[in-house]
Amino acid sequence: MNYEIDVHTHTVASGHAYSTLQEMVRAAKEKGLKGLGITEHAPLMPGSCQEIYFRNLRVVPREIDGLRLLLGVELNIRDARGNVDMSESTLRKLDVRIASMHRNIFPPKKKGKVMEAVKGALKNPYVDILGHPDDGNYGYDYEELAQWAARYGKIIEINNASLRPTGIRPNAYENDLKLLKACSRYEIPVMMGSDAHISYDVGACEMAQQVIEEAGYPAELVMNYNMEEFLHILEKHRENWPQ
């Protein structure tokens, strides 16, 4: 494994994951990662934690045994305007924010509505990463998506869980190739995400890495390879937050 950080993971707090925070940290250390992001599902996801959980993350150390810990959220894009399911005041307290489409919250609709929702989420100054835009159920326009990501300086995720044989998002591999081709034209930073829901999958980004390499995507634009560059982008996002 030649990457430094995995930022899309979930603990038991998300309601349908199976490891504790300490177990996830231990797995990241054992796999040689320098950084770990834990991004629990936001409140609209059935069984997940409420905002009080995210507000209390201040009690958790941001470095454990030399591992940099980023604590954040995987937001749900909840409507065609791209609104998400967490207040701005809570989002400001977190280290990293992913926004994703989930079919139980935003059912696949007409392409125009999907892209309207995606653009709304990308415009949100608190969103850092667009999560798993590889789901063939949604009919994303990847050229338009890349243009908006470039305009607002966002990171696009290549989701490893989508690419597994057991993955639930159809045509993920083909869609990732199309997505990466579009992103390359605008030099969009991308982030491989394990989307781990159990400690054994922390840092498991091999399939995402394979599709990135097949697409010939520039290594300098893959944020997993350079944690400090990723942290720099997060800081630039904060500079654009409303005062």
Side-chain angles (χ1 to χ4, degrees), residues 7-10 14-17 39-48 73-86 97-124 127-150 152 154-184 186 188 190-198 201 204-212 214-215 217:
V7 299
H8 189 165
T9 73
H10 303 277
S14 281
H16 58 276
T39 46
E40 308 294 5
H41 283 288
L44 276 182
M45 182 63 69
S48 194
V73 63
E74 183 180 10
L75 298 158
N76 297 290
I77 300 174
R78 62 187 301 172
D79 58 34
R81 299 179 64 184
N83 291 315
V84 295
D85 55 336
M86 187 167 286
R97 293 141 291 264
I98 301 170
S100 304
M101 293 280 202
H102 292 108
R103 279 168 279 165
N104 58 328
I105 293 161
F106 191 100
K109 300 178 182 180
K110 293 182 180 179
K111 184 184 237 182
K113 293 295 184 182
V114 169
M115 290 311 301
E116 185 181 342
V118 169
K119 288 188 287 186
L122 290 171
K123 287 171 63 176
N124 187 327
V127 169
D128 302 305
I129 301 170
L130 182 67
H132 49 72
D134 50 30
D135 191 337
N137 288 296
Y138 283 105
Y140 294 98
D141 182 324
Y142 290 126
E143 180 68 20
E144 190 175 12
L145 189 158
Q147 289 174 0
W148 279 73
Y152 293 104
K154 304 302 185 179
I155 299 168
I156 300 299
E157 182 191 51
I158 304 300
N159 187 287
N160 195 79
S162 299
L163 294 164
R164 290 183 166 183
T166 55
I168 61 172
R169 302 179 188 111
N171 304 314
Y173 195 85
E174 297 83 354
N175 288 338
D176 277 332
L177 288 174
K178 295 174 186 176
L179 172 63
L180 288 163
K181 183 177 180 179
C183 287
S184 68
Y186 302 93
I188 306 295
V190 302
M191 173 68 80
M192 298 182 289
S194 69
D195 205 350
H197 284 65
I198 192 167
D201 287 337
C205 295
E206 292 82 2
M207 297 188 75
Q209 189 170 36
Q210 179 182 338
V211 73
I212 283 172
E214 182 175 334
Y217 210 75

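Count residues from 1 along the sequence.
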Between the main-chain N or O of [Y] and the side-chain N or O of [X], is there a donor-acceptor pair closer than 3.5 Å?
X: Asn171; Y: Glu174; answer: no
X: Glu157; Y: Met191; answer: no
X: Asp141; Y: Glu144; answer: yes
X: Ser48; Y: Met45; answer: no

For the residue pair [X] and [Y], what are the closest heavy atoms and their distance?
X: Cys205; Y: Ser194; result: SG-N, 3.6 Å
X: Asp135; Y: Arg103; result: OD2-NE, 3.2 Å
X: His10; Y: Ser14; result: ND1-OG, 3.3 Å
X: Leu163; Y: Met207; result: O-CE, 2.9 Å
X: Asn104; Y: Pro46; result: ND2-CD, 3.4 Å
X: Ile77; Y: Phe106; result: O-CB, 3.4 Å

Is any side-chain N of the basic residue among Asp85 and Arg78 closer than 4.0 Å to the acidic one's carboxylate O?
no
Is any NZ, NE, NH1 or NH2 atom of the basic residue among Arg169 and Asp176 found under 4.0 Å from an Asp or Glu carboxylate oxygen of the other?
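Here Arg169 does not pair with Asp176 in a salt bridge, since their nearest N and O are not under 4.0 Å apart.
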Within-4.5 Å side-chain heavy-atom neighbours: [X] and [Y]:
X: Lys119; Y: Tyr152; value: no
X: Ile98; Y: Asp128; value: no
X: Met101; Y: Val114; value: yes

Starting at [atom1] of [X], measure out to [atom2] of [Y] and round the result to the nearest 0.5 Å.
X: Met192; Y: Asn159; atom1: CE; atom2: CG; answer: 12.0 Å
X: His102; Y: Leu75; atom1: NE2; atom2: CG; answer: 10.0 Å
X: Tyr142; Y: Gln147; atom1: OH; atom2: CD; answer: 15.0 Å
X: Tyr217; Y: Leu180; atom1: OH; atom2: CG; answer: 6.5 Å
X: Ser184; Y: Leu179; atom1: OG; atom2: CG; answer: 10.0 Å

Under a plain distance cut-off of 3.5 Å, with no hydrogens placed, do [Y] and [X] share a side-chain donor-acceptor pair?
X: Asn83; Y: Asp79; value: yes
X: Glu74; Y: Thr39; value: no
X: His41; Y: Asn76; value: no
X: Tyr186; Y: Glu143; value: yes

Apply salt bridge (Lys or Arg N to Asp or Glu O under 4.0 Å) to Asp134 and Lys178, showing your working.
CA-CA 9 Å; Asp134 50 30; Lys178 295 174 186 176; over 6 Å; no
Aromatic contact, His197 with His8 (centres under 6.0 Å)
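They do not qualify: ring centres at least 6.0 Å apart.
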Could you walk me through whether Leu145 and Leu130 pass the side-chain contact (heavy atoms from CB on, under 4.5 Å) check?
CA-CA 10 Å; Leu145 189 158; Leu130 182 67; 3.8 Å; yes
